[in-house]
Amino acid sequence: MKEWNRYITEEFCGNFACRVQLADGGEVFLVPVQEDDGWRADKDGVQLCIRMAEKGKSALFTIDLTAEKPLAGRALTFGLNLAGADAVLDSHHWGPWWMMCGWPEKTADLQPKTQNFLLKKGDTHISIVPLTGDVFRCEGDSEGLWLDSGCDGFREFHGSFLTVTEAEDPFAAVDTNYRFAREYGGIRVPLREERAYPAILEKFGWCTWDAFYKEVTADKIYEKLAEFRDKNVPVHWIIIDAGWSTFHDRLLYDFPADPAKFPEGLAGCIRRCKEEFGIEQVGVWHTFNAYWDGVEPGSPAAEKYADALMATASGLLVPHDDPDRAIRFWDGWHGYLASCGVDFVKVDNQSSTHKYLEGTVSTTAGAVRAHAVLEKSIEKHFGGVVINCMGMDMENVLARPASGVARNSDDFYPQKENGFAQHIKQNLYCALWHDKLYHCDFDMWWSGKAAPVQSGLLRAISGGPVYVSDKVGETDRNGVLPVVGADGFIHRMDHAAMPTADCLYVDCETAGRVMKAWNRCGNAFVLAAFNISRREITETFALDVVPGLTGEYVAYEYFTKTFTEVSGKTEISLTLQAEDVRCWSLYPVCEENGEKYILFGDPGRYTGIGVPDKRKVLLDEIL
């Protein structure tokens, strides 16, 4: 074993001493012995072998666990010790569907279902990612690092459960860790750059959810689209969100739209959206299990697709765990939607798999099968275009075979007091890991209310889809244009926006620090500063908090319209009032024939570096 990895094996994981839980309530305690090919233990009918593959300062740990008696769902718990770390950033469950950042000071502070760690230890940073195996998922909490299948009765667990990378740069630690795990088979799905980004999502859109919630109707949609047309707001696509379908309580009744809300049917509504209002593409919403609590027994949908559905131990009727049977349900529904003119789908409720499949099948293997069959149907009917939503659990994140876009946070809550603070923290910190696998969707926002400047700036730097959910009469064109421009093309950054290096191990909201975020477009960068602390903040920081910022740059600050020549060593001092923001586009300085210049983008956009058409501007003209 290499010296760098001793902290993980000996301190963090306690040399893999563990407790094995049996389905009959019995327990077996194992203290593995390190051998040439890994760690081994054999006791009371339980055999454990852990192997490690290394490359540089990365290590992948795999497990083979077999037992003579059936295992409990939560079958194995290792020790977990944070005592050796100087600082910790984690990502843990936030309700059943989302993840949230945390800064635990000790092991006892860990929240249930912690699924990513970034540790600072001296001058180095360690990325630790629990993985999924054949039938299990690995997660951490205050009791340890544990493996759970979600279903009693298995006698074997096999596969990778942990991947670790140490690096001097925290962003490099996370990035290298995911790439290493993908290369060595610990991550069995594509990374972000292997996933296509849907062309329609390169343009500006609108969603019905925060505009109408479940009271969406065709007439309300027409009224809103007429407003966009009259205000010359460049909306190219829309999502008809929850509330359009025929349902009873939390159960799907049938495929067609609610006739009281959509008297011309879904097809008639979509046709009018496209022909009368110039909308290019229309998406619709449904859930991963058909509706929130599945399909209504005895309904037309249940009777027609009886052989494609199954009853779970939790009492729900959902698409079958057998892909060959489930495909009939999805093919039927998606085929109907496509015949109505639907171009893509938004699929919610994905990380409820662990809840409704628990006790029926392995929730990990079940999620893999469910995502595969869903995406097979989406590829057939919509060219693979889907916004994955409510699915940040690693059991889902590590199961999707091809789809490119996934929501990166809980909902945007326009009515929640200081809701933006939670929203930006969740999006920026979750993007550290989620960006490695998906193009991150920072959710919809309001252009005229609920911190519109902060929200618009966050979406402009997000690197993912940009869409609003304004109510009728409340769209502010002046709030939209700095984000997407008059043509409605968003000009995405290279990846998801993330916290700057000095914000990684601190909660800026409670600490009274400026929340800073960065992104890049080629060799140009964007740096945004947000005051989310509800009080005035004065802070000085060096620009080297932006990773990769080397050489000479000219910083253009959008709100003050000022140019400054800078480098990574340049210090910026600023005072921000509550909810105040700043945004710098950082253009690399070029030199030709003794003249220094920048290729300057659109000064009317928050992220002018992203626009393709730039003009040569001499430094002598602006400094």
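All values reported here derive from a predicted model rather than from experimental measurement. Only heavy atoms go into these numbers, but all of them, side chains included; no hydrogens, no water, no symmetry mates.
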**Prompt:** Is Asp544 salt-bridged to Lys569, cutoff N-O under 4.0 Å?
**Reply:** no
Does His371 form a ring pair (Phe, Tyr, Trp, His ring centres under 6.0 Å) with Phe288? I'd like the steps, not just the answer.
CA-CA 9 Å; His371 280 287; Phe288 196 56; 4.4 Å; yes
In short, Thr364 meets Asp148 closest at the heavy-atom pair OG1-O, 4.4 Å
Residues 422-434 vs salt bridge (Lys or Arg N to Asp or Glu O under 4.0 Å), sequence neighbours excluded, gives Lys425-Asp507, Lys425-Glu509
task: May I have the step-by-step check of side chain to side chain contact (heavy atoms under 4.5 Å, CB included) for Asp86 and Tyr505, ending in yes or no?
output: CA-CA 10 Å; Asp86 300 321; Tyr505 297 106; over 6 Å; no
With sequence neighbours left out, the residues meeting side-chain hydrogen bond (donor to acceptor under 3.5 Å, both in side chains) with Gln426 are none
side-chain contact (heavy atoms from CB on, under 4.5 Å) with Leu118: of Ile126, Asn177, Val174, only one passes, and it is Val174
Is the closest side-chain donor-acceptor distance between Thr66 and Gln47 under 3.5 Å? yes
Beyond-backbone contact of Tyr553 with Trp584, side-chain heavy atoms, under 4.5 angstrom: no
Flag the pair Glu194 and Arg182 as a salt bridge only when some basic side-chain nitrogen lies within less than 4.0 angstrom of an acidic carboxylate oxygen. yes
| said: Between Asn427 (side chain only) and Ile424 (backbone N and O only), is there a donor and an acceptor less than 3.5 Å apart? | reply: no
Practice item. For the pair Asp169 (side chain) and Ala172 (backbone), establish whether a donor and an acceptor sit closer than 3.5 Å, ignoring hydrogens and angles. Key: yes
Nearest heavy-atom approach of Cys101 to Leu89 is CB-CD1, 4.1 Å
**Report entry** Main-chain N/O of Asp435 paired with Arg192 side-chain donor or acceptor, under 3.5 Å
**Finding:** yes
By salt bridge (Lys or Arg N to Asp or Glu O under 4.0 Å), Arg492 pairs with (sequence neighbours left out) Glu202
Interatomic distance, CG@Asn388 vs CG@Asn396, rounded to 0.5 Å, equals 9.0 Å
Checking Thr607 side chain against Gly610 main chain: does a donor-acceptor pair fall under 3.5 Å? no
If we ignore hydrogens and angles and just use 3.5 Å, is the side chain of Arg195 paired with the main-chain N or O of Pro190 as donor and acceptor? yes
* Does Asp348 pair with Arg407 as a salt bridge, N-O distance under 4.0 Å? -> no
Note: Ser142 and Ala108 closest approach over all heavy atoms is CB-O, 3.7 Å
Quiz prompt | Phe154 ring center near Phe136 ring center (under 6.0 Å) | solution = no
Considering only heavy atoms from C-beta outward, does the side chain of Asn15 approach that of Glu10 to under 4.5 Å?
yes
task = Report yes if the side chains of Ser149 and Leu71 come closer than 4.5 Å at any heavy-atom pair, otherwise no.
result = no
| said: Ring of Tyr184, cation from Lys55 - is the NZ or CZ under 6.0 Å from the centre and inside 45° of the axis? | reply: no
Any donor-acceptor N or O pair under 3.5 Å, side chains Glu143, Thr77:
no
Are the side chains of Asn519 and His495 in touch, meaning some heavy atoms are under 4.5 Å apart?
-> yes
Here the gap from Arg520 atom CZ to Leu586 atom CG, rounded to the nearest 0.5 Å, amounts to 11.0 Å
When every non-hydrogen atom of Val405 is compared with those of Pro465, the smallest separation belongs to CG1-CG, 3.9 Å
Item to check | Audit row: Lys121, Glu166, salt bridge (Lys or Arg N to Asp or Glu O under 4.0 Å) steps and yes/no | outcome: CA-CA 10 Å; Lys121 188 172 172 58; Glu166 179 182 296; over 6 Å; no
Check your understanding: Can you tell if the side chain of Tyr7 reaches within under 4.5 Å of the side chain of Thr124, non-hydrogen atoms only?
Key -> no
- Query: Do Arg179 and Glu193 meet the salt-bridge criterion of a basic N to acidic O distance under 4.0 Å?
  - Reply: yes
When rounded to the nearest 0.5 Å, the distance separating OH of Tyr597 from CD of Glu591 is 9.5 Å
_For a side chain to side chain contact (heavy atoms under 4.5 Å, CB included) check, start with the C-alpha distance between Leu131 and Leu60, then their side-chain angles and the critical distance, and finish with the verdict._
CA-CA 10 Å; Leu131 299 171; Leu60 178 71; 3.6 Å; yes
Exercise for review: Give me the ring orientation class for Phe600 and Tyr556: parallel if the planes are under 30° apart, tilted from 30 to 60°, perpendicular past 60°.
Suggested key: perpendicular
For this session: Return yes if a side-chain donor-acceptor contact under 3.5 Å exists between Ser403 and Glu375, otherwise no.
Result: yes
Self-check item: Sub-4.5 Å side-chain heavy-atom contact between Gln34 and Phe16
Solution: no
Between the CG atom in Asp410 and the CD atom in Gln422, the distance rounded to the nearest 0.5 Å is 6.0 Å
Are there over 12 heavy-atom neighbours, none belonging to Glu168, within less than 6.0 Å of that residue's CD? no
Angle between ring planes, Phe161 versus Phe61, binned at 30° and 60°: parallel, tilted or perpendicular? tilted
One should read off an interatomic distance between Lys346 NZ and Asp441 CG, to the nearest 0.5 angstrom, of 8.0 Å
No-hydrogen, no-angle side-chain donor-acceptor test under 3.5 Å, His434 and Asn408: yes
Taking atom NZ of Lys614 as the centre, does the number of heavy atoms from other residues, nucleotides or ligands within less than 6.0 Å exceed 12?
yes
Got His93 and Met99 here, is their nearest side-chain heavy-atom distance under 4.5 Å?
-> yes
Closest heavy-atom pair, Leu458 versus His423, reported as atoms and distance to 0.1 Å, is CD2-CD2, 4.3 Å
Open item on the list: Is a donor from one side chain sitting under 3.5 angstrom from an acceptor on the other, for Trp98 and Ser409?
Closed with: no
Smallest heavy-atom separation, Gly548 atom then Phe525 atom, equals O-CZ, 3.4 Å
- Tell me, with the steps shown, if Cys503 and Met515 meet side chain to side chain contact (heavy atoms under 4.5 Å, CB included). CA-CA 7 Å; Cys503 293; Met515 180 76 254; 3.9 Å; yes
Next item on the list: Please check if the side chain of Thr550 supplies one atom and the backbone of Gly568 the other of a donor-acceptor pair under 3.5 Å.
Entry: no
**Item:** Stepwise side chain to side chain contact (heavy atoms under 4.5 Å, CB included) test for Val33 and Arg40
**Value:** CA-CA 5 Å; Val33 175; Arg40 293 181 179 274; 5.8 Å; no
Output yes when a side-chain donor or acceptor of Arg513 lies under 3.5 Å from a complementary backbone atom of Asp502, and no otherwise. yes
So CG of Leu457 and OH of Tyr606: to nearest 0.5 Å the spacing works out to 6.5 Å
Q) Is there a donor-acceptor contact under 3.5 Å from the side chain of Asp152 to the main chain of Gly73? A) yes
Q. Got Phe157 and Leu147 here, is their nearest side-chain heavy-atom distance under 4.5 Å?
A. yes
